[in-house]
Amino acid sequence: MLKTNFETKIDFTERKIQEFLFDKNQQNYQMSPTAKSGFFYSNDKVANDHTINASYKQKVKYSVREFWCVIQNNISVQNNPITIVYEQEVDINPEYLIYFKEGMSDESIAYAKNIISQYRFDTGIDVEEWIESKLNILLTEDMFYIETSLNITKTGERIEFNTDQRYAFLRVYHLIDEDLEKEKPVKSQVHIIDDGDLSHWQKESKTRLEKLKYEELILGIIEPKQDPAIKEYPVNTAIPEAQKITDVLSAISSSLIPSDCGVMNFKTIKLLTLFNFPEFKVEMVDHRIRIGCSDIIISLPVLRIRNAQIVFYIYYSVPDDITQVLLKIMTVCATRAALEAAVLGVITSNPAVAIAVFNNQFKNCIQQEALKCINPGIMTLKETDEWH
């Protein structure tokens, strides 16, 4: 039986293909099979898009981190990664490569190339039928086989498919106006500042944002990270906020508090609320297409988006017998650390960094002997929509 393979698969989440999509200087990518043992590639194409007149256009999404720098008093405080989703249209074009058995005569190879080069897709004759009709003593079916190769070519420039996280980040600082066209506009409320607005604090601390020139490709599956300090609840849940706080702190406390600290209490300060903050995840979807002689399974990343209301709290644990004076010092230190460390900026895009910076600032503020039994941090409550 004639050995032809006109079926193949493209997985647009593969690292090399994702890097091709991300690389602004690379316009073409070729997926070529590896020769089987005992065969070699002839370096001549059996047929290409000009011969079979077939191609397929596909829009592919990929995600990138762009970076914004928080600058206070002309000093760079922290670089903040923001997820941007891009879309790139590509043209998928099959080529058919012939592999010959090692030791074949030059005459047989030349004959095979000649009969295959004469094939035209538009005649309506099946390619296997065409080749089999030309087989003879000079060329038998065990002397060669045909594989499918795919050329992927970018068409046009990439476009920004979703910039909601950038928009939300800039809205926290009131650097852009409200987008009235958005179904659920992003808003923020800062609870530790009297007017709930960052603009006054920005001016006093001389804080500004600067977009950095570099960006990086996000590889792998995107999904909101699970962390003990982040507890999710369905939107409009009936659980009171106080109970949600208790649930999160209970999950955190066992790993934080040394056993010899005695009876401990958690203190919380409501820091920041983000309304309708966008989150992403990617799901894989396969579908089969037909291009010329080829059946191709395309694995595409499909973007899912949801909005979340996220409330950030400062918390710290203190011994049950702490004095009111020391408790007041720690409350002031926690608030100051949140502002001075630019936590309000980094927390939206990089909670892990925000927590580390905040903890360091807080511990530098309080007395050294209290560090053993005081465990500051940031926890999060999140109410989410359904993925759509």
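If you're wondering where the values come from, they're calculated on a predicted model, not measured in any experiment. Side-chain atoms are counted along with the backbone in the values below, which use heavy atoms only and exclude waters and symmetry mates.
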Does F67 sit in a hydrophobic cluster with other residues, and if so which ones, taking ILVMFWY side chains as linked at heavy-atom separations under 4.5 Å, directly or through other members? L212, Y214
Go through I92 and I298 one step at a time and tell me if the side-chain contact (heavy atoms from CB on, under 4.5 Å) criterion holds. CA-CA 10 Å; I92 303 170; I298 297 182; 3.8 Å; yes
Assess, by modelled atom type and distance only, whether the side chains of Q30 and S149 contain a donor and an acceptor separated by less than 3.5 Å. yes
Got P301 and F12 here, is their nearest side-chain heavy-atom distance under 4.5 Å? yes
Non-neighbouring partners of K16 that pass side-chain contact (heavy atoms from CB on, under 4.5 Å), sequence neighbours left out: Y29
Does F100 have any ring pair (Phe, Tyr, Trp, His ring centres under 6.0 Å) partners at least two apart in sequence or in another chain, and if so, which? none
Would you say I98 and I109 make side-chain contact, with heavy atoms under 4.5 Å? no
Is the shortest side-chain heavy-atom distance between Y313 and L271 below 4.5 Å? no
Can you list everything that forms a side-chain contact (heavy atoms from CB on, under 4.5 Å) with Q243? Sequence neighbours excluded, please. I239, P240, T246, D247
Kindly indicate whether the side chain of F312, heavy atoms from C-beta on, has any atom under 4.5 Å from the side chain of L274. yes
According to salt bridge (charged side-chain N to carboxylate O under 4.0 Å, His left out), who are the partners of K244, at least two apart in sequence or on a separate chain? E383
Non-neighbouring partners of E14 that pass salt bridge (charged side-chain N to carboxylate O under 4.0 Å, His left out), sequence neighbours left out: none
Please name all residues satisfying salt bridge (charged side-chain N to carboxylate O under 4.0 Å, His left out) with K281, sequence neighbours left out, ordered by chain then number. E283
Which pairs with one or both residues in residues 78-89 pass salt bridge (charged side-chain N to carboxylate O under 4.0 Å, His left out), sequence neighbours excluded? K61-E87
Listed partners of V302 passing side-chain contact (heavy atoms from CB on, under 4.5 Å), at least two apart: V285, R304
Of all residues at least two apart in sequence or in a different chain, which pass the salt bridge (charged side-chain N to carboxylate O under 4.0 Å, His left out) check with K211? E66
Salt-bridge test for E215 and R158: reply yes if a basic N is under 4.0 Å from a carboxylate O, no otherwise. yes
Contact list for residues 98-111, test side-chain hydrogen bond (donor to acceptor under 3.5 Å, both in side chains), sequence neighbours left out: S105-S108, Y111-N136
Could I get the full list of side-chain contact (heavy atoms from CB on, under 4.5 Å) partners for Q309, not counting sequence neighbours? T273, F275, V311
